Amino acid sequence: MMSKIVKTIAGISFPFITIYGLYVIAHGHLTPGGGFQGGAIVASGLILLLVAYGTDWIIEKIKESHLSILESLGALGFIGVAFLGLIFGGMFFTNFIAGTSMLFGGIPTSTAANINTGGTLPLMNFAVGLKVIAGLFAIVLVMAYAISKEEGE
Amino acid sequence: MNILDILLQQSPALIVATPLLGAFLTPLIGKLGYNVRNIFIIIILAVTAFLVFLLASDVFSGNIHTYVFGGTTSTVLSNTVIRILFEVDGLSIFMAIITVILSLAAVIYSWAFMREETGQDKYYTLLLLMTTGMFGMVLTGDLFNFFVFLEITSIASCALIAFWTHKAKAVEAAFNYMVISTIGALFVLLSIAFLYGKYDALNIAKLASRITPVSFSFIDKLSLILLLAALTMKAGIAPMHMWLPDAYGRAPASISIILVGATQASLYGVFRICFTLYGNVIQIPEVSLGWIMVILGLITMLIGVFMAMIQIDFKKLIAYGALAELGYMFLGVGTGLTILSNPQLSLASNSFALQAMKGGIFHIINDALDVGLLFLVAGAVYYATKESSLNNLGGIARNMKYTTVFFLIGLLAVSGIPPMNGFASKLLIYESVYQLNPILAIIAILASIMLLAIMVKVFYSAFLGPKIDRFQDIREAPKSMLIAMGILASLIIFFGLFPDLIVNTLVEPAVKAITHPTSYILWLTGGV
Amino acid sequence: MFEQLLKTFDTGNGYWNPLVWGFAFLIIFLIIYILRGRGNPSYKRGTEQTKVFLSGNPEYENKELLHVKASNLYWGWVESTKWVINTLKKMHTGRANDYILWFTFMIAIFMLLLGVI
Amino acid sequence: MEGRMLVAAGSLTIVSIFLIFGALLIHPFGVPNAYKMDQYIIDHTQNESGANNGVTAVVFDYRGFDTLGEATVLFTAVAGVILVFRRVKKE
């Protein structure tokens with residue numbers, strides 16, 4: 001349990017951290033970064049909340065089992081895109097969107113950064129981002145919960 | 001093009017992807033109930049087994065099956081290999097068959113064995129992940145990919161060794177394993193970096209074709225040393241074996257048998273490094289790699305039997321027995337390597353080299369089955385009596401008849417007595433090693449005799465003897481555990497009665513695959 | 001199919017065939033059976049003859065105590081190879097530090113063997 | 001204890017000498033021995049994967065399977081942590 005100042009500052013900065021992390025995830029195929037990095041940024045924002053507001057407050061809002069399901073969904077999305085590559089492209093992990101007229105199918109030019117490019121890369125980035133957010137936060141949450149229970153007993 | 005052809009063509013990717021998909025789905029399926037989840041996992045592994053055998057039928061007919069992730073074959077055949085390649089030859093598929101047998105047995109066994117435990121969703125997730133890692137390790141043709149799957153396997157096994165978290169010793173074993181396997185894996189990564197920096201390739205075949213006697217330098221030597229040390233450590237070769245008995249002994253029995261597979265996947269890594277990656281320069285080190293392997297094998301064997309002699313914990317004793325068995329594989333394959341890498345030894349001894357390799361490779365699958373069966377029996381005894389110390393056990397053969405019979409089969413197999421499978425491979429090893437140096441064969445036979453004595457000790461102290469009041473009304477192990485043990489036991493007897501069939505169909509392609517590295521390397525340039 | 005199954009397994013010097021094994025098993029069984037038939041006919045069940053003889057000591061009431069515990073089995077062997085076993089026991093300290101030390105030591109040995117020579 | 005320290009010092013010295021030699025013998029930083037792979041990626045990334053960011057293209061397209069593996073490592077770690085920190089029925 002932290003003081004009111006810490007809580008307020010954490011509450012204010014949390015949305016900005018989240019937005020920044022989501023930006024890094026979404027622009028993974030254009031700028032440095034990607035699913036892993038952006039996911040870690042968002043997870044660190046969540047951990048900031050956990051530190052500021054205490055484990056009990058967080059555990060009321062979100063259970064570790066929910067995070068586990070979210071993480072599974074992220075992983076399934078990743079491997080699902082790979083399987084779609086097998087179905088549409090003939091090989092596991094084929095980038096079947098690149099160069100087609102589908103979403104994210106554009107061919108990039110060397111000057112302008114167009115977010116509608118990258119083929120399957122943005123999809124995989126989203127999946128990995130979801131997975132990393134849920135996974136990293138789940139690790140910290142479970143550990144913090146275990147410690148707080150031990151101290152409580 | 002019918003569906004079987006498509007499946008065959010895609011099978012290397014699907015063998016890894018199916019259990020991975022299963023692992024990702026398990027937390028979701030787990031909400032639907034106990035039976036649904038277990039049936040789902042068995043189906044996933046059965047599909048994988050089907051794919052493995054489908055691929056095996058192709059590979060055993062003499063092909064090297066390759067698979068390019070995310071690209072077509074033609075894009076790879078250029079001078080640079082950018083994408084990840086799976087390259088499946090006889091040895092890879094041989095190891096994959098072992099993996100699939102062990103994991104199926106473990107899952108069937110877990111049905112009843114784990115019924116009372118909490119955290120089963122995670123248990124099955126990690127079990128499938130470990131299986132995935134082992135498949136990846138043995139099927140991959142890419143050195144960095146090998147490292148990734150090595151990591152998956154070791155992290156999953158760490159968590160599973162610590163499954164019984166209320167037992168301090170289990171947590172300690174897991175911690176020790178985690179520390180040492182992480183350091184080992186980092187050395188593997190370091191040597192991969194050395195090789196990548198020098199040869200600009202990560203593909204094993206590509207690297208092997210570029211590592212020639214001309215280019216062989218200090219960096220190559222250093223990578224060879226680090227890879228060899230780290231992988232022999234992960235394979236549990238003495239004197240870096242200390243984590244192994246703890247890990248095997250403290251994990252739940254169903255995990256111990258998959259751990260056997262995991263160590264053997266590392267053993268596969270050692271063979272792949274020595275025979276394929278450094279296949280062109282096998283003659284270069286003045287001190288033969290083969291002799292190092294032989295001596296390590298002998299040390300492993302002796303330490304295993306001597307330590308097993310004084311153990312009183314059921315599973316730890318079997319773990320030391322498994323250690324001794326690992327020595328035989330190293331002895332057999334090391335003898336083969338010694339003769340093959342030495343041009344001065346006459347051609348006549350080449351056939352003995354092949355026999356020794358056959359024995360060593362055949363012993364891998366035999367060891368997996370024998371030691372696996374013994375671990376399952378130990379788990380069944382623990383399940384029934386809640387007692388793991390041999391000092392407190394006794395007379396349980398009265399209540400657990402089938403388990404006793406299975407233990408007897410495992411006992412005979414592990415100590416190399418006909419008509420069990422251990423006999424066939426040990427016969428091959430003894431006779432061929434004798435040609436290299438008779439003393440080696442004598443030590444191997446002595447170790448085997450001690451192994452028999454050790455197992456007889458277990459049989460006497462746990463299963464025979466007078467009735468003990470505490471164990472008056474223990475019951476036979478549940479059906480699913482008996483089925484898992486029965487599968488392994490029947491395979492043991494089948495392999496033992498018809499070793500010729502097994503050696504010709506399973507072992508010979510594997511031996512051919514590692515003694516002829518050129519076919520593995522030349523695939524890339526199109527000269528299959 | 002059967003011919004393939006019953007093929008002799010040749011190891012270079014020796015061989016192995018399930019049929020031979022079965023045949024040998026039969027002969028051994030016959031020999032045992034004959035020997036058993038030549039046993040002493042004066043043996044009677046449930047008399048003084050079947051009583052346990054423990055060097056003249058009385059038999060334990062509690063049958064459990066008759067069972068030799070695992071740590072007492074092969075006592076002579078363990079006693080006579082004490083020097084080996086004690087050395088090995090000292091090796092297995094069970095600490096991660098020592099595991100890493102052994103690992104480093106083996107890397108050094110490999111380096112000396114493969115790198116220097 | 002003395003002996004152990006001696007062995008540790010000796011083997012660490014040997015290992016570090018070898019690794020330092022190795023570090024000296026690798027090619028200098030920024031001057032790769034061969035750069036066919038790099039050149040291929042620079043030339044073909046935009047066409048083949050449709051991404052401007054070459055690093056992401058390598059990570060998610062050319063070596064996407066490795067990334068799946070790394071993501072699985074994280075998944076495994078999370079599952080392992082949750083497994084180890086679960087509540088256990090005491091016997």
Side-chain angles (χ1 to χ4, degrees), chain B residues 13 16-17 20 23-24 27 69-71 75 78-84 86 116-119 121-123 125-126 129-130 132-133 136 142 144-145 147-149 151-152 155-156 158-160 162-166 171 174 190 194 197-202 217-219 221-223 225-226 386, chain D residues 7 11 14-15 17-45 48-49 54 57-58 60-91:
Chain B
V16 177
L20 197 56
F24 292 156
F69 281 90
T75 58
S78 62
N79 201 20
T80 48
V81 184
I82 305 284
R83 292 178 187 275
I84 294 169
F86 266 22
E116 307 295 320
E117 304 289 341
T118 54
D121 284 352
K122 294 294 166 204
Y123 167 83
T125 310
L126 287 167
L129 285 171
M130 209 167 148
T132 311
D142 192 283
F144 186 74
N145 207 232
F147 165 76
V148 169
F149 283 111
E151 284 279 83
I152 295 178
I155 293 176
C158 279
L160 285 173
F163 182 77
W164 283 326
T165 41
H166 56 284
V171 179
L190 180 63
F194 276 142
K198 182 164 180 196
Y199 294 108
D200 192 31
L202 284 170
S217 69
F218 187 77
I219 296 285
K221 256 185 200 171
L222 200 57
S223 330
I225 290 162
L226 293 181
K386 294 277 171 263
Chain D
V7 170
S11 38
I14 293 170
V15 172
I17 287 173
F18 266 74
L19 288 179
I20 289 167
F21 259 110
L24 292 177
L25 282 173
I26 55 174
H27 55 80
F29 188 75
V31 192
N33 257 7
Y35 40 83
K36 272 183 185 154
M37 227 157 154
D38 318 2
Q39 203 57 49
Y40 182 91
I41 289 165
I42 292 167
D43 292 344
H44 295 81
T45 302
E48 284 187 6
S49 69
V58 171
F60 280 95
D61 189 351
Y62 292 111
R63 301 197 72 85
F65 194 60
D66 276 345
T67 310
L68 179 62
E70 289 298 341
T72 312
V73 168
L74 182 63
F75 185 81
T76 316
V78 174
V81 168
I82 294 177
L83 182 83
V84 171
F85 281 97
R86 79 190 193 283
R87 244 171 254 170
V88 190
K89 259 190 273 174
K90 294 261 162 64
E91 276 164 23

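Just so it is clear: chains get the letters A, B, ... in the order the sequence lines come, proteins before strands, and each one is counted from 1. Nothing here was measured: the structure is a model prediction, and the numbers come from that model.
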_Among B:D142, B:L160, B:D121, B:L226, which residue has the highest count of heavy-atom pairs closer than 4.5 Å to chain D?_
B:D142
List the atom pairs, donor and acceptor, that lie under 3.5 Å between side-chain atoms in residues 70-78 of chain D and the rest of the protein, sequence neighbours left out.
{"from": "D:T72", "atom 1": "OG1", "to": "D:L68", "atom 2": "O", "distance (Å)": "2.5"}
{"from": "D:T76", "atom 1": "OG1", "to": "D:T72", "atom 2": "O", "distance (Å)": "2.5"}

_OG1-CG distance between B:T125 and D:L83, expressed to the nearest 0.5 angstrom_ = 9.0 Å
_B:F149 ring center within less than 6.0 Å of D:F65 ring center_ = yes
*Measure the shortest side-chain to side-chain distance between D:D38 and B:D200 over non-hydrogen atoms and say whether it is less than 4.5 angstrom.*
yes
_Can you tell me which of B:F194, B:Y123, B:F69 forms the most heavy-atom pairs within a distance under 4.5 Å of chain D?_
B:F69
*Kindly indicate whether a cation-pi arrangement holds for D:R86 with B:F163, taking the cut-offs as under 6.0 Å to the six-membered ring centre and within 45° of the axis.*
yes
*Are any of the side-chain heavy atoms of B:K198 and D:I26 separated by less than 4.5 Å?*
no
*Could you look at B:I219 and say if it's the side chain, the backbone, both or neither that has a heavy atom under 4.5 Å from chain D?*
side chain
*Rounded to the nearest 0.5 Å, what's the gap from CG on B:L126 to CD1 on D:I82? Could you check?*
9.5 Å
*Can you check whether D:V84 reaches B:V171 side chain to side chain, under 4.5 Å on heavy atoms?*
no
*Given the rule in the side chain to side chain contact (heavy atoms under 4.5 Å, CB included) test, do B:L202 and D:R63 qualify, once you have shown the distances and angles that lead to the verdict?*
CA-CA 11 Å; B:L202 284 170; D:R63 301 197 72 85; 3.8 Å; yes
*Kindly compute the distance separating CG (B:L222) from CG (D:L25), expressed to the nearest 0.5 Å.*
9.0 Å
*Specify which of B:N145, B:T165, B:I155, B:L129 makes the most heavy-atom pairs with chain D at under 4.5 Å.*
B:N145
*asked:* Checking D:F85 now: which residues fulfil ring-ring contact (aromatic ring centres under 6.0 Å, His included) with it, not counting sequence neighbours?
replied: none
_Closest non-hydrogen atom pair between D:G80 and B:A159, with its separation_ = CA-CB, 3.5 Å
